[in-house]
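Lettering follows sequence order; numbering is per chain, from 1.
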2 protein chains.
Amino acid sequence: MTTRPRDSAATRAALLDAAAVLFAERGFDRTTVRDIAGRAGVNQALLFRYFGSKEALFATVMARQSHELLAESPAERALARVLERMLDEEGPRLHDHPLHAALRSVSHDGAAAAIRQRMGDEYAEVLSSLTDAEDADVRADLVLAWLLGIGLLRSVLAKEPLASADPERVSEHVLRAVQVLLERSER
Amino acid sequence: MTTRPRDSAATRAALLDAAAVLFAERGFDRTTVRDIAGRAGVNQALLFRYFGSKEALFATVMARQSHELLAESPAERALARVLERMLDEEGPRLHDHPLHAALRSVSHDGAAAAIRQRMGDEYAEVLSSLTDAEDADVRADLVLAWLLGIGLLRSVLAKEPLASADPERVSEHVLRAVQVLLERSER
DNA sequence: CGCGCATGTAAGCGTGTGCTTACATGACTC
DNA sequence: GAGTCATGTAAGCACACGCTTACATGCGCG
């Protein structure tokens with residue numbers, strides 16, 4: 001039978017896209033290299049030619065997420081924007097979001113590290129700048145925990161009614177409650 | 001070499017305990033029947049003699065958690081008690097908590113179902129009784145999401161500073177913020 | 001047009017896994 | 001003491017997995 005036309009950049013991108021979707025749907029352990037190669041339409045040997053190992057491919061998928069959520073937003077708006085993006089179900093992002101892959105792969109050291117690094121250190125720093133309370137970092141972590149919990153319950157576990165709740169309503173509730181934590185003293 | 005003295009009840013309990021600990025530490029996929037049998041100190045064949053399959057053993061572990069968290073507490077205290085238990089790190093419960101096993105196994109259908117059933121329907125019902133708002137069920141789910149997120153970030157991912165934060169402080173913050181969601185109208 | 005290399009595939013390897021089967025033996029009953 | 005059954009182990013099976021290797025061939029260059 002005919003082999004696929006040669007285009008290494010396209011092959012690499014196809015493998016990455018296939019991996020992103022399948023890791024988000026099934027997690028690291030339940031996704032096989034045969035699954036990824038099959039979805040990309042190539043032979044599994046190419047996965048090893050381009051990425052070296054399944055682990056390395058997973059690490060590349062985890063590193064793909066843009067940092068635009070935190071870029072160029074005043075800290076006050078950062079949380080609202082993060083929530084908007086998390087709750088926004090339009091477009092293909094829902095199905096290949098690295099957060100889903102990470103939440104589904106939480107026993108995998110790399111996934112756990114990705115959550116700590118990505119949602120952890122980067123976001124918590126911004127969040128803790130929103131309050132002048134002494135334990136700002138603990139409060140920031142609590143907000144972060146809530147974001148992770150919402151991601152888990154709504155998108156990964158798809159529990160109703162949260163799964164189909166109006167994103168604006170959810171945002172409103174969360175932002176209002178979080179104000180209690182990320183308060184600033186009067187001055 | 002000598003074989004183990006015969007005691008089927010003890011063997012079964014040893015397998016269950018070993019499974020609970022290892023599923024909580026590593027998740028379903030990363031725990032093997034050889035691991036469980038080894039920790040229980042028996043031959044792996046006995047796992048199949050007593051439980052039928054690895055899947056069935058996992059289901060039994062998921063079903064073990066007592067319902068005492070919700071029993072006999074007025075709804076107003078339920079959330080505080082749940083938080084107390086989640087944040088309490090003393091004793092062996094931390095290391096074999098089915099919630100940890102479930103969070104680490106979230107791609108496993110049984111684990112996802114266990115979270116929805118256990119933390120979901122049972123707790124959300126109690127939580128939604130705490131408010132007379134029209135969307136009480138969505139608010140309850142948001143509170144539940146936060147509990148799951150705290151469990152994930154503090155116990156499974158062990159992210160500092162939340163991992164070592166004072167449980168009373170954490171409870172206080174969460175309960176205060178949650179009051180904004182689970183409010184009752186004046187009357 | 002021939003050569004060489006990049007890109008692709010087929011086939012297979014070694015290991016680990018869940019599970020089964022045949023056998024051993026401890027314990028209890030008659 | 002013999003027989004039976006429950007409980008335990010050793011050994012192995014079939015399959016799936018991540019990964020490697022040998023080979024095929026498309027494409028670009030001189």
Check: Within the side chain of Ser105(A), is there an N or O that forms a donor-acceptor pair under 3.5 Å with the backbone of His108(A)?
Finding: no
Check: Atom CZ of Phe58(B) to atom C1' of dG18(C): distance rounded to whole Å?
Finding: 16 Å
Next item on the list: Specify the residue among Arg49(B) and Glu55(B) whose closest nucleotide of DNA chain C lies further upstream toward the 5′ end.
Entry: Glu55(B)
Margin query: Measure CZ/Phe48(A) against P/dA11(C) and give the value in whole Å, please.
Written below: 18 Å
Margin query: Nearest heavy atom decides the nucleotide; on that basis, is Ala45(B) or Leu47(A) closer to the 5' end of DNA chain D?
Written below: Ala45(B)
Checklist line | Whole angstrom value for the distance that separates P of dG16(C) from CZ of Arg30(B) | finding: 15 Å
Next item on the list: Mind calculating the distance between CZ (Arg12(A)) and P (dA6(C)) to the nearest angstrom?
Entry: 16 Å
Check: How would you list, by chain and number, every residue that makes a salt bridge (Lys or Arg N to Asp or Glu O under 4.0 Å) with Glu55(B), sequence neighbours excluded?
Finding: none
Check: Taking the side chain from Asp141(A) and the backbone from Val138(A), do they hold a donor-acceptor pair closer than 3.5 Å?
Finding: no
Notebook entry, point to check: Does a side-chain N or O from Tyr50(B) land closer than 4.0 Å to OP1 or OP2 of dG8(D), or not?
Noted result: yes
Next item on the list: Mind calculating the distance between CD (Gln44(B)) and P (dT20(C)) to the nearest angstrom?
Entry: 11 Å
Note to self: Is the shortest side-chain heavy-atom distance between Val106(B) and Val106(A) below 4.5 Å?
What the structure shows: no
Next item on the list: Find the distance Leu46(B):CG to dA6(D):P and express it as a whole number of Å.
Entry: 15 Å
Next item on the list: May I have the step-by-step check of side-chain contact (heavy atoms from CB on, under 4.5 Å) for Phe28(B) and Lys54(B), ending in yes or no?
Entry: CA-CA 9 Å; Phe28(B) 182 86; Lys54(B) 183 185 176 187; 3.9 Å; yes
Notebook entry, point to check: Taking only side-chain nitrogens and oxygens of Thr11(A), does any of them come within less than 4.0 Å of OP1 or OP2 of dT7(C)?
Noted result: no
Check: Any side-chain N or O of Ser8(A) under 4.0 Å from OP1/OP2 of dA6(C)?
Finding: no
Note to self: Of the listed nucleotides (dT9(D), dG8(C), dC19(D)), which one gets closest to any side-chain atom of Arg6(A)?
What the structure shows: dG8(C)
Notebook entry, point to check: Would you say the base of dG16(C) and the side-chain of Arg34(B) have a donor-acceptor pair closer than 3.5 Å?
Noted result: no
Notebook entry, point to check: Taking the side chain of Val33(A) as its heavy atoms from C-beta onward, which of dG18(C), dT7(C), dG18(D) lies nearest to it?
Noted result: dG18(D)
